[in-house]
Structures are given as structure tokens and as C-alpha cells.
Amino acid sequence: GQQVVSHKDMSMSDMTSQLKGLRGDAYDQAWVEMMIAHHEGAVEMAKLSADRAGHEEVKALSMAIIEAQNKEIADMKSWQSAWGLSGNEASQTMHTGH
């Protein structure tokens, strides 16, 4: 059978080609899932360089990426919840008040 590849293991070009076949809600759902995985990967890389980078510019940008992308991840997860699409976070996000 076909092996299921997690979004974290997909390259950007894999993600883009998968998105090209989608529109509307299916597109939004797949895009948000992939972008969350992409951002989580970027945050992991940024955390590493915040500690290891030699140039202050790299450290500063890494800190900015962590802050900005964590906020975007939270936004996208709240959209998933609002759209009834959330996966493993469903149990926690069900109780958010409006």
C-alpha cells in the first residue's frame, strides 16, 4: 500500500504540488496543516541558531522567527478549531470561550 508521509517529512515542492490539486475548503485545510508543520520546523531551526549562531544578525532573526511564527501557528490552530478541522489538539481547543 501507499506509505503515508507526514507533513514534517515533505519538502516544500512536495507540499506545493499536493496543494495544486486542491481548491476551497480542502485547499485551506491542507495549506494550514502544511504551514503549521513548516513553521514548527522553522521554529525548531531558529531555536538551534539562537543558541549556536556566531553572527548576532542570525541570532536576532532567529528570535524574531520564533516569536512571529509561534504566533502564526497559534492563529492557524485557532482557525482549524473554528472550522472544525483540528486534529490532535481537538480535546484542548474545544473548551475555548468566545
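Side chains included, hydrogens not; waters and symmetry mates left out as well; all remaining heavy atoms used.
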K.L.:
According to a 4.5 Å side-chain heavy-atom criterion applied to Ile, Leu, Val, Met, Phe, Trp and Tyr, with indirect links allowed, do L48 and I65 form part of one hydrophobic cluster?
P.N.:
no
K.L.:
Distance check, rounded to the nearest 0.5 Å: Q69 atom CD versus E40 atom CD?
P.N.:
10.5 Å
K.L.:
Mind checking salt bridge (charged side-chain N to carboxylate O under 4.0 Å, His left out) for K71 and listing every partner two or more places apart, or none if nothing turns up?
P.N.:
D75
K.L.:
With sequence neighbours left out, what residues match D28 under salt bridge (charged side-chain N to carboxylate O under 4.0 Å, His left out)?
P.N.:
none
K.L.:
Strictly below 4.0 Å, N to O, side chains only: are K47 and E67 in salt-bridge contact?
P.N.:
no
K.L.:
Would you give the length of the straight line joining atom NZ of K59 to atom CG of D51, rounded to the nearest 0.5 angstrom?
P.N.:
7.5 Å
K.L.:
Give, for atom CE of M12 and atom CE of M34, the distance between the pair rounded to the nearest 0.5 Å.
P.N.:
9.5 Å
K.L.:
Rest of the hydrophobic cluster containing M45 (Ile/Leu/Val/Met/Phe/Trp/Tyr, side-chain heavy atoms under 4.5 Å)?
P.N.:
none
K.L.:
Taking the side chain as C-beta and beyond, is there a heavy-atom pair between V43 and N70 under 4.5 Å?
P.N.:
yes
K.L.:
Hey, could you give me the OG/CD distance between S62 and E56, rounded to the nearest 0.5 Å?
P.N.:
10.5 Å
K.L.:
Under 3.5 Å, side chain of S81 to main-chain N/O of K77, donor-acceptor pair present?
P.N.:
no
K.L.:
Are W31 and I36 connected in the hydrophobic side-chain network, where two residues link if heavy atoms are under 4.5 Å apart?
P.N.:
yes
K.L.:
Do H55 and V58 have side chains that get closer than 4.5 Å, going by heavy atoms?
P.N.:
yes
K.L.:
Could you grab the distance from atom CD1 of I73 to atom NE2 of H39, nearest 0.5 Å is fine?
P.N.:
6.5 Å
K.L.:
Tell me, with the steps shown, if W79 and Q29 meet side chain to side chain contact (heavy atoms under 4.5 Å, CB included).
P.N.:
CA-CA 9 Å; W79 300 343; Q29 181 175 356; over 6 Å; no
K.L.:
Determine whether W83 and Y27 fall in the same hydrophobic cluster, where Ile, Leu, Val, Met, Phe, Trp and Tyr are linked whenever their side-chain heavy atoms lie under 4.5 Å apart.
P.N.:
yes
K.L.:
Find the distance between OG (S49) and CD (E44) and round it off to the nearest 0.5 Å.
P.N.:
11.0 Å
